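None of the values given here were measured: they were computed from a predicted structure.
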Protein chains: 2
Amino acid sequence: MARVTPLHRDDPDKEPLAGNVRVTKQDWLNVALDTLITDGIEQVKVLALADRMSVSRSSFYWYFKSRQDLLDALLDHWLATNTKAIITAAEKDARTVTEAVCNIFIGFVDPNQFSTTLDFAIRDWARRSGKVRRVIDTSDAQRLAAITQVFERFGYPSDESLIRAKVLYYMQIGYNDADLQEPMDARQSQVGHYIHAFTGQHASEAELTAFRAAIGAFAP
Amino acid sequence: MARVTPLHRDDPDKEPLAGNVRVTKQDWLNVALDTLITDGIEQVKVLALADRMSVSRSSFYWYFKSRQDLLDALLDHWLATNTKAIITAAEKDARTVTEAVCNIFIGFVDPNQFSTTLDFAIRDWARRSGKVRRVIDTSDAQRLAAITQVFERFGYPSDESLIRAKVLYYMQIGYNDADLQEPMDARQSQVGHYIHAFTGQHASEAELTAFRAAIGAFAP
DNA sequence: GTCTGTCTAGACACTTCTGTCTAGAGGCGT
DNA sequence: ACGCCTCTAGACAGAAGTGTCTAGACAGAC
């Protein structure tokens with residue numbers, strides 16, 4: 001009954017002694033999160049998580065009241081990370097629209113700020129849970145409002161700003177949904193076209209190279 | 001054990017006699033499709049479908065070899081309808097880019113051509129099935145190619161056409177994913193801004209009113 | 001060293017799926 | 001009227017999931 005390394009342990013200080021079969025509440029959460037992302041919410045099953053950590057299933061009920069209790073914790077985690085990341089990216093100071101749009105792009109792409117895979121695992125989950133749907137709708141509205149304000153800040157009229165925010169935001173959602181396989185390079189080299197579609201303006205070559213450099217850091 | 005009306009029977013000629021508890025293979029498919037759309041693929045369970053038709057669960061196995069057999073049939077149905085609809089809409093004759101883009105819009109919105117809800121129920125399903133994922137990727141590529149050709153047909157350079165196709169297509173996917181609640185009217189009144197973002201050109205007032213009239217037919 | 005509180009293993013009870021098998025109801029051709 | 005063919009009901013078996021209970025291992029406080 002050897003203990004395997006947990007998948008996403010963030011605090012190495014809490015690592016239990018070797019040979020110890022005990023796990024922390026955070027371990028359960030990390031494995032649950034990983035399973036949610038790769039296999040979907042309905043695969044987050046107590047037995048499956050326990051097996052993955054080589055621990056007894058009944059141990060779970062020491063940390064969580066029920067499976068639902070764990071799922072609530074996962075949703076809370078998402079709320080505290082992803083939505084906050086986009087809003088922060090949108091509010092970041094910028095001297096031109098292009099720069100601001102690039103900031104948002106980077107916010108979506110930088111894995112330190114935003115987890116794309118988690119985002120659409122949650123979005124997925126929302127389709128079978130009205131409660132999650134409501135949480136996500138609020139979150140989408142907040143993100144959209146933040147992006148809309150970017151355009152307004154640069155002088156776009158109010159109604160046009162909303163449309164541009166939607167084109168940008170929904171395009172990101174759709175991209176994540178349908179086109180994750182495509183290598184980042186393709187998008188990079190065409191980034192001028194994207195920016196023109198989003199802002200209605202042509203970006204300067206300096207802005208484009210700055211963006212390519214910034215985004216290049218996250219290429220696979 | 002009274003027989004209830006099936007939900008999506010399309011051929012009334014095959015309606016069994018009143019009081020007869022028998023159902024057709026098509027009945028199973030229709031109820032399965034409806035359940036897939038409203039509750040997701042993992043809720044397509046033999047017992048649930050049987051209950052909904054007030055029929056015995058074991059009757060299912062007369063028509064289908066297994067549950068998987070039914071799921072395959074659902075995927076085939078989607079392939080034969082939705083993807084075909086978008087390609088047809090893109091290939092439709094148009095005199096201006098705006099008109100062509102509007103045709104695609106209408107293709108996505110007209111429930112007689114395209115089922116939005118089915119489309120993203122399938123997309124949802126793809127996240128937990130590698131096989132479905134592959135089918136959907138092929139399908140997305142075909143839709144994207146058809147939309148790209150629209151822009152090329154109107155003189156956009158090849159690489160720019162692909163980008164514009166993606167902005168348009170992914171924005172639709174993202175919209176379906178995140179914003180289905182919003183009333184259609186809002187999008188209608190702002191349609192000029194959308195078209196400008198997609199084509200880079202300003203649509204004439206005549207084109208806009210024509211579009212509004214066309215899309216108005218499908219408003220709720 | 002012992003006690004106590006923390007956590008885990010394993011057995012148990014219950015529910016909900018899938019799939020099989022068999023008897024038989026009922027329409028339809030002859 | 002008879003039998004065949006089509007389809008359904010219900011019993012059965014088995015897998016997989018959640019949640020509970022109890023004994024006990026182990027670490028740390030004292």
Side-chain angles (χ1 to χ4, degrees), chain A residues 1-6 9 11 13-32 35-36 39-74 125 128-129, chain B residues 1-6 9 11 13-32 35-36 38-74 125 128-129 131:
Chain A
M1 206 65 86
R3 187 174 193 290
V4 293
T5 312
R9 179 180 290 278
D11 186 0
D13 293 353
K14 289 192 175 173
E15 190 81 44
L17 302 173
N20 189 339
V21 288
R22 299 209 163 182
V23 293
T24 65
K25 179 166 184 171
Q26 193 58 47
D27 285 332
W28 283 102
L29 280 169
N30 290 338
V31 177
T35 306
L36 167 62
D39 300 323
I41 195 66
E42 82 283 357
Q43 290 305 314
V44 178
K45 295 168 188 171
V46 180
L47 179 60
L49 304 182
D51 278 352
R52 204 156 147 187
M53 295 190 291
S54 298
V55 91
S56 171
R57 191 176 63 82
S58 51
S59 156
F60 172 85
Y61 293 94
W62 178 262
Y63 300 103
F64 298 93
K65 191 183 142 216
S66 65
R67 178 176 179 259
Q68 188 57 50
D69 190 23
L70 170 67
L71 300 191
D72 290 345
L74 291 176
W125 179 11
R128 17 190 125 54
S129 162
Chain B
M1 207 64 85
R3 186 175 194 288
V4 292
T5 312
R9 180 180 289 279
D11 187 357
D13 294 352
K14 289 190 175 174
E15 190 82 45
L17 301 172
N20 189 339
V21 287
R22 300 206 164 185
V23 293
T24 65
K25 179 166 185 172
Q26 192 60 46
D27 286 333
W28 283 103
L29 281 169
N30 290 339
V31 176
T35 306
L36 166 63
T38 58
D39 300 324
I41 195 67
E42 81 284 359
Q43 291 304 316
V44 178
K45 295 167 187 171
V46 181
L47 179 60
L49 304 183
D51 278 353
R52 205 156 148 187
M53 296 190 291
S54 300
V55 92
S56 171
R57 192 176 63 82
S58 52
S59 157
F60 172 85
Y61 294 94
W62 178 261
Y63 300 104
F64 299 92
K65 192 183 142 216
S66 66
R67 177 177 179 258
Q68 189 57 52
D69 191 21
L70 170 68
L71 301 191
D72 290 345
L74 290 177
W125 180 11
R128 19 189 123 55
S129 162
K131 181 187 155 197

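Contact annotation: Tyr63(A) side-chain N/O to dT6(C) OP1/OP2 distance is not under 4.0 Å.
If you measure from atom NZ of Lys25(A) to atom C1' of dT8(C), you get 17 Å, rounded to the nearest angstrom. Spacing between atom CZ of Arg22(A) and atom P of dC7(C) amounts to 7 Å, rounded to whole angstrom units. In this structure, Phe64(B) atom CZ and dC7(D) atom P are separated by 12 Å, rounded to whole Å. Remark: C1' of dG10(D) and CH2 of Trp62(B) are 17 Å apart, rounded to the nearest angstrom. Summarising the geometry, the separation between CD on Gln26(A) and P on dC7(C) is reported as 14 Å, rounded to the nearest angstrom. The CG atom of Asp51(B) sits 15 Å away from the C1' atom of dT18(C) (whole-angstrom rounding). Taking atom CD on Glu42(B) and atom C1' on dT18(C), their separation rounds to 16 Å, with Å as the unit.
In this structure a side-chain-to-backbone donor-acceptor pair under 3.5 Å is missing from Tyr63(B) to Leu29(B).
The side chain of Ser56(A) approaches dA9(C) more closely than any other nucleotide in the set dA9(C), dA9(D), dC7(C). Distances from the side chain of Val55(B) to the nucleotides dA9(D), dA9(C), dC7(C) place dA9(D) closest.
Taken to the nearest 0.5 Å, the NZ atom of Lys45(A) stands 11.5 Å off from the CG atom of Asp51(A).
Across all strands, Ser59(B) comes closer than 4.0 Å only to sugar-phosphate atoms, never to a base (heavy-atom distances).
Between Trp125(B) and Leu71(B), some side-chain heavy-atom pair lies under the 4.5 Å cut-off. You'll find the side chain of Phe60(B) reaches within 4.5 Å of the side chain of Leu70(B), heavy atoms only.
For residues 54-73 of chain A, the set of pairs meeting the salt bridge (Lys or Arg N to Asp or Glu O under 4.0 Å) definition, not counting sequence neighbours, comprises Asp72(A)-Lys131(A).
Listed by chain and number, the residues in a side-chain contact (heavy atoms from CB on, under 4.5 Å) with Thr35(A) are Val31(A), Asp39(A), Gln43(A), Val44(A), Leu49(A), Arg52(A) (sequence neighbours excluded).
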>> Base contacts versus sugar-phosphate-only contacts with protein, heavy atoms under 4.0 Å: please encode nucleotides 11-19 of chain D as B, S and - from 5' to 3'.
In response: ------SBB
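Of all the heavy atoms in Tyr61(B) and Ser66(B), the pair that sits closest is CE2-CA, 4.2 Å.
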